[in-house]
Amino acid sequence: MVWVFAANDVLGQDFYARSTLRVAGELPGMYVVVKEGRRVTAGKIIETEAYIGEEDPACHAHRGRTPRNAVMYGPPGHAYVYFTYGNHFMLNIVTEHEGFPAAVLIRALEPVTGICWMIDRRGVEDPNRLCRGPGNLTAALGIDRSFNGLSLAGPRIFVCRDNAPSPCVQTTGRVGVNEGSDRPWRFFIPNHPGVSAYRMGTKAMRKKPESRKREGKTR
DNA sequence: GATTGGATCTACT
DNA sequence: GTAGATCCAATCG
């Protein structure tokens, strides 16, 4: 499938320099495009989550500024990419004004362009599973630490809008966070097969595995 | 320097 | 429903 993105469709910094909840609510339906040399991969955003300020217990900025989360304190319209759980990168988009730590986590995409590259990177062929979940979509698009702090004005990564009318968007509590999951800051396109509807909010119910402590664990 | 826990995913029971 | 993989960053000493 060939997809042509016109330069004037790329979202500018003014789009991100607004309320995080507005940005997170408007991003579903937009397209994330990643260019790695001749490889172009793109997907339609179908699920997001908002992380807002040091007051938000689930936000990385909750305990103040650190070298890791410094990008969130920077100007809007930049990518905040971090590594977690030993094997997953997360893609966030910095929002609001410089100095205020807030970002939108991209949780799921619908593969649109460069699907062969995604299959190549993931080793998975089911298009519904290719970009479902924040760790999976970064793997499919080839996003890693080197994207941290990059401007979403391109050229390596950018977001653009569609001519189609905005899709209807539903909200629920956030996934995978222990505190703050009560806030309806997760936005998604309902009934989309690519939405990571699996195990909604079950993380909070999972006990911290005592067995993971050193004993007998070769690492 | 060592320890701890994490904005996850998958396979297995 | 549960456990294991996997490693970085923050925290504690």
Side-chain angles (χ1 to χ4, degrees), chain A residues 20-21 23-24 27-28 32 45-73 78-95 101-109 111 118-119 121-149 171-188 193-219:
Chain A
T20 305
L21 291 178
V23 175
L27 276 176
V32 176
I45 299 173
I46 54 183
E47 189 179 355
T48 64
E49 267 175 23
Y51 290 87
I52 309 173
E54 297 176 352
E55 303 302 310
D56 177 1
C59 183
H60 279 179
H62 180 49
R63 284 188 295 223
R65 181 174 182 149
T66 65
R68 182 204 204 187
N69 64 27
V71 174
M72 261 206 288
Y73 287 78
H78 287 246
Y80 169 43
V81 178
Y82 68 90
F83 189 75
T84 193
Y85 287 106
N87 39 359
H88 294 291
F89 290 102
M90 305 283 153
L91 171 62
N92 298 252
I93 298 177
V94 179
T95 57
V104 174
L105 170 70
I106 309 299
R107 287 194 62 85
L109 299 176
M118 299 187 193
I119 293 172
R121 288 168 176 143
R122 294 279 334 275
V124 170
E125 292 195 21
D126 182 349
N128 289 331
R129 293 178 54 194
L130 222 39
C131 297
R132 175 162 59 190
N136 287 335
L137 74 91
T138 51
L141 296 185
I143 292 171
D144 59 22
R145 177 176 311 287
S146 71
F147 283 74
N148 191 34
T171 69
T172 64
R174 290 176 292 184
V175 179
V177 299
N178 293 309
E179 296 179 78
S181 59
D182 52 320
R183 306 182 190 193
W185 290 357
R186 171 173 174 254
F187 301 82
F188 63 97
V195 169
S196 60
Y198 79 109
R199 282 195 271 165
M200 279 173 46
T202 55
K203 174 70 173 292
M205 301 181 196
R206 277 179 81 178
K207 302 218 165 76
K208 315 223 152 138
E210 195 70 30
S211 58
R212 290 201 47 214
K213 313 259 156 70
R214 289 317 74 91
E215 45 202 316
K217 191 134 192 280
T218 53
R219 205 155 131 141

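Labels below follow one simple rule: chain letters A, B, ... track the order of the sequence lines, proteins then strands, and each chain is numbered from 1.
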Validation row: A:Y80, A:R68 side chains within 4.5 angstrom (heavy atoms): yes
Touch class at under 4.0 angstrom, heavy-atom based, for A:N92 against every strand present: base
Gap between atoms CZ and C1', on A:F89 and C:dT6 respectively (whole Å): 12 Å
Pair A:E49-A:R107, salt bridge (Lys or Arg N to Asp or Glu O under 4.0 Å): steps then yes or no: CA-CA 7 Å; A:E49 267 175 23; A:R107 287 194 62 85; 3.4 Å; yes
Could you go over nucleotides 11-13 of chain C and give all protein N or O partners under 3.5 Å, atom names and distances?
unit_1, atom_1, unit_2, atom_2, d
C:dT11, OP1, A:R63, NE, 3.4

Side-chain touch A:L109/A:L141, heavy atoms, less than 4.5 angstrom: yes
Spacing of A:Y51 atom OH relative to B:dG6 atom C1', expressed in whole Å: 12 Å
For atom OH of A:Y85 and atom P of B:dT4, their distance in whole Å: 17 Å
A:R174 side chain to A:A50 backbone, donor-acceptor under 3.5 Å: yes
Selected nucleotide, minimal atom distance to A:H60 side chain, candidates B:dA7, B:dC9, C:dA10: B:dA7
Base of B:dA7 paired with side chain of A:Y82 (donor-acceptor, under 3.5 Å): yes
Between B:dA7 (P) and A:L137 (CG): distance, integer Å: 16 Å
Check: A:A24 main-chain N/O paired with A:T48 side-chain donor or acceptor under 3.5 Å: yes
A:R183 side-chain N/O to B:dA7 phosphate OP1/OP2 under 4.0 Å: no
Pairing stems for DNA chain C [at least three consecutive pairs; Watson-Crick or G-U; under 3.5 angstrom]: B:1-6 with C:7-12, B:8-12 with C:1-5
Whether A:N69 side chain and A:G64 backbone form a donor-acceptor pair below 3.5 Å: yes
Minimum-distance nucleotide to A:R68 side chain [options: B:dT10, B:dG6, C:dA10]: C:dA10
Sidechain-backbone polar pair: A:N148 side chain, A:R145 backbone, donor-acceptor under 3.5 Å: no
Nucleotide of B:dT8, C:dA10, B:dC9 approaching A:P67 most closely (side-chain heavy atoms): C:dA10
Spacing of A:E47 atom CD relative to B:dA7 atom C1', expressed in whole Å: 12 Å
Nearest-neighbour nucleotide for the A:P134 side chain, B:dT8, C:dA9, B:dT10 considered: B:dT8
Backbone of A:N136 reached by a side-chain donor or acceptor of A:R129 within 3.5 Å: no
Spacing of A:H62 atom NE2 relative to C:dA10 atom C1', expressed in whole Å: 14 Å
5'-most by nearest nucleotide on DNA chain C - A:G86 or A:N69: A:G86
Any donor-acceptor pair under 3.5 Å from A:R132 side chain to A:A108 backbone: no
For atom CE of A:M90 and atom P of C:dT6, their distance in whole Å: 17 Å
Whichever of A:N87 and A:R145 has its nearest DNA chain C nucleotide further upstream toward 5': A:N87
Side chain A:T20, main chain A:I52, donor-acceptor under 3.5 Å: no
